[in-house]
Every structure is written in C-alpha cells, then in structure tokens.
Amino acid sequence: MPTYITHSTHETRAIGKDLAKILQGGDILILKGPLGAGKTAFTKGIAEGLGITKEVTSPTFTIMSVYEVPGHDTIKEFVHVDTYRVESYEELLEIGFDEYLGKQDTITIIEWPEKVEKLLENRKLVVITFAAGTTTERTITIEKD
Ligand SMILES: Nc1ncnc2c1ncn2[C@@H]1O[C@H](COP(=O)(O)OP(=O)(O)OP(=O)(O)O)[C@@H](O)[C@H]1O
Ligand SMILES: [Mg+2]
C-alpha cells in the first residue's frame, strides 16, 4: 500500500492527479483524516487529473457536487461529497447520492466517510488516509480493498 509524504498543497494535489490516471468508472474513494489534513486539496488534484477544468470547491454546505468529466471514454461524472455537516446518512439519500454511488461511469469521492458508513457497507473502496505532521507535512496512505 503506497504511502506518500507531502510538504505543500501542490504536492498533495499532484498525488491526487496521479491517482486519477488509474481510476475506473464505479470507483468509490473515501478520504479519512482530520480538519485541514488536505482531503479537498487531494480531491482538486483528482479532478484535474480527470480533465475537469471547472474549479472544485469544498461542498461543505451543499454536501454534494457533481462535475461532468469531459472527453473521457468510460468516466462521465465525478461526484464530490463532504459529510462534515451531515447528521445522518439519510440526508445523502434525500439528495440522491445513492444514484451515483458505484455507478459504472462515475467516480465518487467522500470526505468524512465515517458519517455515512452505512451506505458504504459491502462496497469495494479505495481508502485514503491523511495524517498531519508538522505545519506543512502530510502523510497520505492509499489502500485498495
Ligand atoms: N502538504 C500539504 N498538503 C495539503 N494541504 C496542506 C499541506 N501543507 C499545508 N496545507 C494546508 O492545509 C490545508 C488543507 O486544506 P483542505 O481543505 O485540503 O483540508 P481538508 O482535509 O479538506 O479539511 P476539511 O476537513 O476542513 O474539509 C490548507 O490550508 C493547505 O494550505
Ligand atoms: Mg475538505
């Protein structure tokens, strides 16, 4: 399982961008780690790697953002979820999240997956764990089920 140590937002973003190259439609990525650990920075990198030119911002209040993936053969949509302000997984069902989860032409990425564990049961996941060290040091571990 690869582990990376980064020293800037840019480096964290670059790891995400690299990972995007090997993603396949239907992949579900969960991002674990504390506030400010770099989960959104990493997500921006994945979006960039998928060729999304629209700026990716944290969906802390909207909970879910859906981006079109242009010019990709098998991946059509990128769904970014941040459950930080979610109380129960049912809120995600209300906004139609389960239509995207695991969909064959969609990549889903979830910040704070602990809140919606119930929706992720029995799913194959890519688990990405962030740990903050010194001010700018981040350790990123990528594990595939
Ligand atoms: N090596 C690094 N990688 C990523 N971010 C870094 C790094 N060093 C410092 N930072 C800073 O840490 C913060 C990371 O913010 P980011 O929004 O990506 O975190 P997050 O894990 O998504 O937080 P939240 O849980 O609030 O959504 C930014 O302010 C960024 O400038
Ligand atoms: Mg975030």
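Along the sequence shown, residues are numbered consecutively beginning with 1. Just so you know, ligand 1 is whichever comes first in the structure, and atom 1 is the first atom listed for that ligand.
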(request) May I ask you to identify the nearest protein heavy atom to atom 27 (O) of ligand 1, giving residue, atom name and distance to one decimal place in Å? (result) Glu111 OE1, 3.1 Å
(request) Evaluate the side-chain proximity of Gln24 to Thr74: yes if any heavy-atom separation is below 4.5 Å, no if none is. (result) no
(request) Looking only at distances, please establish whether an N/O atom of ligand 1 is found under 3.5 Å from an N/O atom of Lys39. (result) yes
(request) Under 4.0 Å from a heavy atom of Leu35: give me the atoms of ligand 1 that qualify, with their elements. (result) 23 (O), 24 (P), 25 (O), 26 (O)
(message) Checking contacts now, so for atom 31 (O) of ligand 1, which I'm interested in, is there any protein heavy atom under 4.0 Å?
(response) yes
(request) Starting from atom 28 (C) of ligand 1, find the nearest protein heavy-atom neighbour and note its residue, name and distance. (result) Thr9 OG1, 4.7 Å
(message) Is the shortest side-chain heavy-atom distance between Ile28 and Lys124 below 4.5 Å?
(response) no
(message) I want to check something: taking the side chain as every heavy atom from C-beta on, are Leu119 and Asp98 in contact at a cut-off of under 4.5 Å?
(response) no
(message) To check your reading of the model: name the closest protein heavy atom to atom 13 (C) of ligand 1, its residue, and the distance in Å.
(response) Gly36 O, 3.6 Å
(request) Just let me know how Trp112 lines up against ligand 1, side chain, backbone, both or neither, with a heavy-atom cut-off below 4.0 Å. (result) side chain
(message) Checking a contact table here: which protein heavy atom is nearest atom 19 (O) of ligand 1, and how many Å away?
(response) Gly38 N, 3.1 Å
(message) If you take the nearest heavy atom of each of Ala41, Ser8, Gly33, which one is closest to atom 18 (O) of ligand 1?
(response) Ala41
(message) Applying a heavy-atom cut-off of 4.0 Å, say which part of Thr136 lies close to ligand 1: side chain, backbone, both or neither.
(response) both
(message) If you define the side chain from C-beta out and look only at heavy atoms, does anything of Ile46 sit under 4.5 Å from Ile52?
(response) no
(message) Under the ring pair (Phe, Tyr, Trp, His ring centres under 6.0 Å) test against Phe130, which residue among Phe42, Tyr4, Trp112 passes?
(response) Phe42
(request) Assess Thr60: does it contribute an N, O or S atom lying under 2.8 Å from the Mg ion (ligand 2)? (result) no
(request) List the closest protein heavy-atom neighbour of atom 3 (N) of ligand 1: residue, atom name, distance to the nearest 0.1 Å. (result) Thr12 OG1, 2.5 Å
(message) Please determine whether residues Leu29 and Leu92 belong to a single hydrophobic cluster, defined as Ile, Leu, Val, Met, Phe, Trp and Tyr linked transitively by side-chain heavy-atom distances below 4.5 Å.
(response) no
(request) Kindly confirm or rule out an N or O of Thr6 lying under 3.5 angstrom from an N or O of ligand 1. (result) yes
(message) Are Ile63 and Arg85 packed together at the side-chain level, in the sense that at least one heavy-atom pair is separated by less than 4.5 angstrom?
(response) no
(request) Considering only non-hydrogen protein atoms, determine which one is nearest to atom 10 (N) of ligand 1 and report residue, atom name and distance to 0.1 Å. (result) Arg138 NH2, 3.3 Å
(message) With respect to the Mg ion (ligand 2), please indicate if Glu111 possesses an N, O or S atom at a distance under 2.8 Å.
(response) yes
(request) Report the residue from Lys54, Lys17, Lys21 that forms a salt bridge (charged side-chain N to carboxylate O under 4.0 Å, His left out) with Glu48. (result) Lys17
(request) Please round to the nearest 0.5 Å and tell me the distance separating atom NZ of Lys44 and atom CD of Glu55. (result) 5.0 Å
(request) Determine, using heavy atoms of Glu11 and all atoms of ligand 1, whether some pair is separated by less than 4.0 Å. (result) no
(message) Would Ala132 count as a contact residue for ligand 1, given that I'm defining contact as a non-hydrogen atom of the residue lying under 4.0 Å from a ligand atom?
(response) no
(request) Quick one: pull up OH in Tyr67 and NE2 in His80 and give me the separation to the nearest 0.5 Å. (result) 7.0 Å
